[in-house]
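Below: the structure, in structure tokens.
Quick note on labels: first sequence line is chain A, next is B, and so on, each numbered from 1. These figures come from a predicted structure and were not determined experimentally.
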Protein chains: 4
Amino acid sequence: MRAHTGRRRNDAAKAAILAAATDLLAEGQPVTLGAIAGRAQVGKQTIYRWWPSKGAVVLEAMTERARSLAPTASTGSLEGDLEAFVAATFTAAGTPEYAATLRGIVSEALRDEHAAAVLAEFTADRREQLYLIIERWLPDVDADLAVDQVYGVLWYRILIGHATVDDAAGRQLAATIAAQLRAAS
Amino acid sequence: MRAHTGRRRNDAAKAAILAAATDLLAEGQPVTLGAIAGRAQVGKQTIYRWWPSKGAVVLEAMTERARSLAPTASTGSLEGDLEAFVAATFTAAGTPEYAATLRGIVSEALRDEHAAAVLAEFTADRREQLYLIIERWLPDVDADLAVDQVYGVLWYRILIGHATVDDAAGRQLAATIAAQLRAAS
Amino acid sequence: MRAHTGRRRNDAAKAAILAAATDLLAEGQPVTLGAIAGRAQVGKQTIYRWWPSKGAVVLEAMTERARSLAPTASTGSLEGDLEAFVAATFTAAGTPEYAATLRGIVSEALRDEHAAAVLAEFTADRREQLYLIIERWLPDVDADLAVDQVYGVLWYRILIGHATVDDAAGRQLAATIAAQLRAAS
Amino acid sequence: MRAHTGRRRNDAAKAAILAAATDLLAEGQPVTLGAIAGRAQVGKQTIYRWWPSKGAVVLEAMTERARSLAPTASTGSLEGDLEAFVAATFTAAGTPEYAATLRGIVSEALRDEHAAAVLAEFTADRREQLYLIIERWLPDVDADLAVDQVYGVLWYRILIGHATVDDAAGRQLAATIAAQLRAAS
DNA sequence: TAGTAAGCGAGACGGTACGTCGCGTCTTGAG
DNA sequence: CTCAAGACGCGACGTACCGTCTCGCTTACTA
């Protein structure tokens with residue numbers, strides 16, 4: 001018995017698929033499996049060889065792009081770090097293309113359990129970044145609710161669209177949360 | 001010119017459609033137009049006579065149920081009123097059926113602009129309730145961010161599913177927000 | 001209980017589908033379901049509402065066209081009638097387009113039981129025409145084998161392509177079969 | 001220039017492929033390349049190293065089996081030889097497995113030009129056998145049509161399935177053809 | 001005896017057609 | 001003019017199969 005036979009999976013194909021999915025999302029075009037496959041010069045079966053569903057592809061495409069977005073470097077104080085991180089996050093997420101992408105992701109996740117798993121992982125990763133910043137200054141405080149308030153406002157506004165998600169909103173929220181955390185410690 | 005000719009619209013049909021939509025959402029079954037029409041013993045055209053799209057139906061089904069859920073009567077203090085309202089909201093929204101329905105609503109709203117409009121209206125109405133409570137005690141404070149924090153945490157947790165949405169969470173959040181508002185006034 | 005509800009099937013759609021299928025066959029283009037649907041301005045589902053499979057569509061398209069092809073009018077003798085009928089059949093079936101269509105039909109029938117049923121019906125109908133001609137002059141003779149010889153030579157040559165299917169071949173075969181029938185009576 | 005380098009081709013693989021193809025045909029299962037390769041424990045590339053297309057494989061599988069089927073030894077008369085040969089051919093071809101295989105062959109040939117070429121060769125070989133028998137007794141007669149009548153009836157009945165292909169049918173046909181040839185000489 | 005070229009089983013790849021599903025519209029006869 | 005039923009045009013979905021390609025291994029001739 002051999003350990004492995006047959007042609008190896010082609011990582012270039014996987015990358016092309018993710019790139020195509022990201023492009024379509026960014027351009028606001030309909031994110032069809034056929035469109036992804038066509039743009040990536042890939043057969044549809046190849047997509048299903050790498051992901052269990054359409055939603056999972058789309059979500060992974062976003063996750064990759066988002067992971068290196070908000071700054072985590074320290075500015076010298078809890079207030080400064082929080083403000084930098086939250087404001088950067090809000091600024092990025094507030095652009096029309098990015099917001100549209102996030103909405104698309106949730107839409108996929110709500111219809112596809114695989115996509116939901118990837119979304120859970122993605123959001124957990126984002127929360128973790130925020131935990132690390134808070135922990136740096138207030139290691140003993142319970143930050144669960146504060147973190148959810150930050151991302152809650154972000155997602156809620158993006159999904160409903162009743163209020164802006166921008167630098168100013170981020171700064172205001174960061175200041176409020178910082179005060180709340182100081183009071184709790 | 002006649003004032004009106006022909007058969008009158010059947011309100012029983014409308015009610016049956018809303019009931020069918022609610023049932024499907026609560027059961028977690030795929031909410032297709034055909035399924036709604038079939039379960040309600042109604043022609044698809046009848047649905048489109050009352051609503052502009054599938055999503056709008058689903059949302060109205062929910063809106064009706066949600067509108068008279070959380071208490072608005074006063075308990076004697078900002079802290080008490082907030083706690084009662086938020087805790088009741090969280091308790092109701094945290095039940096599996098209700099949470100599933102809310103997820104279904106967002107899913108519809110993200111794919112259908114009519115549904116999005118109804119969701120915007122629905123959430124605006126919910127926020128208004130909370131504004132009124134705050135205004136009762138702190139008429140001059142800017143409560144926009146505080147309100148979004150409450151509903152942000154609620155929706156974010158329901159959509160991602162990483163933390164509980166229950167009475168305790170509601171009470172903790174209400175206390176935090178109340179303190180924040182007191183500090184701002 | 002009503003006898004029937006809902007919109008009636010659209011015979012124009014059925015006709016358009018058959019026409020599109022016949023056109024594609026005659027043009028030698030690939031007979032795809034999508035191509036048929038597109039050319040007929042019809043949804044694919046509509047095709048499947050009328051026929052159980054692709055092959056059945058194609059076959060029925062041919063059957064319609066073939067049914068009124070060979071003459072059945074009498075010339076005054078068995079020999080004359082047979083020669084007229086067989087020669088006309090061979091001449092028509094021998095044209096490249098028609099032959100290609102017949103080959104396509106068999107190809108469908110061999111992969112699809114519904115199409116096979118239609119082919120069986122079609123060929124039975126063709127044989128019946130020949131029976132009627134023979135019966136006109138020799139009512140008591142068993143013509144089964146003779147009829148199969150005529151159509152056997154036709155299909156065999158069309159499928160294999162080793163010999164011509166034309167007027168001359170038809171006349172020669174008709175004369176042979178006529179003699180055989182006279183001898184048997 | 002070297003005469004040859006590298007590993008030799010494996011005749012066992014070729015045989016396994018032919019056997020697998022024959023089995024699938026006889027069992028009436030869908031004859032896909034993947035199925036043949038899987039059953040023969042062979043890579044798909046190996047099949048394409050020996051044959052130009054799927055159809056060619058299937059046809060060669062049959063040709064081998066069919067070539068030594070019907071007797072060509074003489075019985076002492078045209079009538080006897082014809083009857084022996086045709087009856088044996090009909091008996092063999094009439095078995096369900098063999099008939100299924102023949103149908104499969106035509107199906108392949110109609111979709112694949114390589115297969116069509118092999119089918120043409122195969123049927124030419126079968127016709128040649130019959131020519132030889134006729135030539136033995138009537139060297140000067142034109143037997144083209146007679147031969148096509150025999151194989152025409154055989155293939156026509158197998159493809160359409162409206163009449164039996166058995167010993168009796170073969171005998172009756174052989175007698176008819178023999179008489180026809182005698183008359184023509 | 002090492003080098004090298006071809007064959008091997010396995011299976012991923014790009015592509016194309018399939019048959020199904022859902023949407024929102026249109027059509028029918030009854031109320 | 002509404003109602004239930006359901007056919008319609010459209011277009012995305014996920015699967016199947018083709019014939020090609022790539023992988024690590026095996027075999028056999030050549031140097």
Taking the axis from the first five pairs and the axis from the last five, what angle separates them in the helix from E:dT1-F:dA31 to E:dG31-F:dC1, rounded to 10 degrees? 10°

Approximate separation, where rounding is to 0.5 Å, of C:T22 OG1 and C:E27 CD: 10.5 Å

Using modelled atom types and a 3.5 Å cut-off, is there a donor and acceptor pairing between side-chain atoms of A:S107 and backbone atoms of A:R103? no

For DNA chain F, determine which residues of residues 6-18 of chain D have any heavy atom closer than 4.0 angstrom to one of its atoms, and list them numerically. D:R7, D:R8

Measuring only between side-chain heavy atoms, which start at C-beta, is C:W51 closer than 4.5 Å to C:L18? yes

Given 3.5 Å as the limit, does a donor-acceptor pair link the side chain of C:R49 with the main chain of C:R9, or not? no

Please report the distance, rounded to the nearest Å, between OH in B:Y48 and C1' in E:dC26. 13 Å

Heavy-atom neighbours of B:Q29 CD exceed 12 at 6.0 Å: yes

Can you tell me the distance, in whole Å, between the NE2 atom of A:H4 and the P atom of F:dT22? 16 Å

Any side-chain to backbone donor/acceptor pair from D:R8 onto D:G6? Under 3.5 Å, distance only. yes

Should A:W51 be listed as having a side-chain N or O under 4.0 Å from OP1 or OP2 of F:dG14? no

Side chain to side chain contact (heavy atoms under 4.5 Å, CB included) between B:Y98 and B:I158: does it pass, once the steps are laid out? CA-CA 10 Å; B:Y98 203 101; B:I158 281 178; 5.9 Å; no

For atom NZ of C:K44 and atom P of E:dT20, their distance in whole Å: 10 Å

Would you say a side-chain N or O of B:Q45 is under 4.0 Å from OP1 or OP2 of E:dT27? no

Return yes if some donor-acceptor pair links the side-chain N/O of C:K54 with the main-chain N/O of C:D112 below 3.5 Å, else return no. no

Does C:P52 or B:L33 map to a spot on DNA chain E nearer the 5' end, using the closest nucleotide for each? C:P52

Is there a side-chain polar atom (N or O) of C:T46 under 4.0 Å from OP1 or OP2 of F:dG9? yes

Are any side-chain N or O atoms of D:T32 and backbone N or O atoms of D:A35, one a donor and one an acceptor, separated by less than 3.5 Å? yes

Which residue, A:G38 or B:G55, contacts DNA chain E at a nucleotide closer to its 5' end, judged by nearest heavy atom? A:G38

Can you tell me how far C1' of E:dC13 sits from CH2 of A:W50, to the nearest Å? 12 Å

If each of B:V42 and A:V31 is mapped to the nucleotide of DNA chain F with the nearest heavy atom, which maps nearer the 5' terminus, i.e. the 5' end? B:V42

Nearest-Å distance for atom pair NE2/P, residues B:H114 and E:dC23: 15 Å

In whole angstrom, what separates C:I36's CD1 from E:dG19's P? 10 Å

Find the distance C:R49:CZ to E:dG19:C1' and express it as a whole number of Å. 13 Å

Are any of the side-chain heavy atoms of D:L110 and C:L159 separated by less than 4.5 Å? yes

Nearest-nucleotide comparison on DNA chain F, the residue closer to the 5′ end among A:P30 and B:A37: B:A37

Between C:K54 (NZ) and E:dA17 (C1'), how many Å, whole number? 8 Å

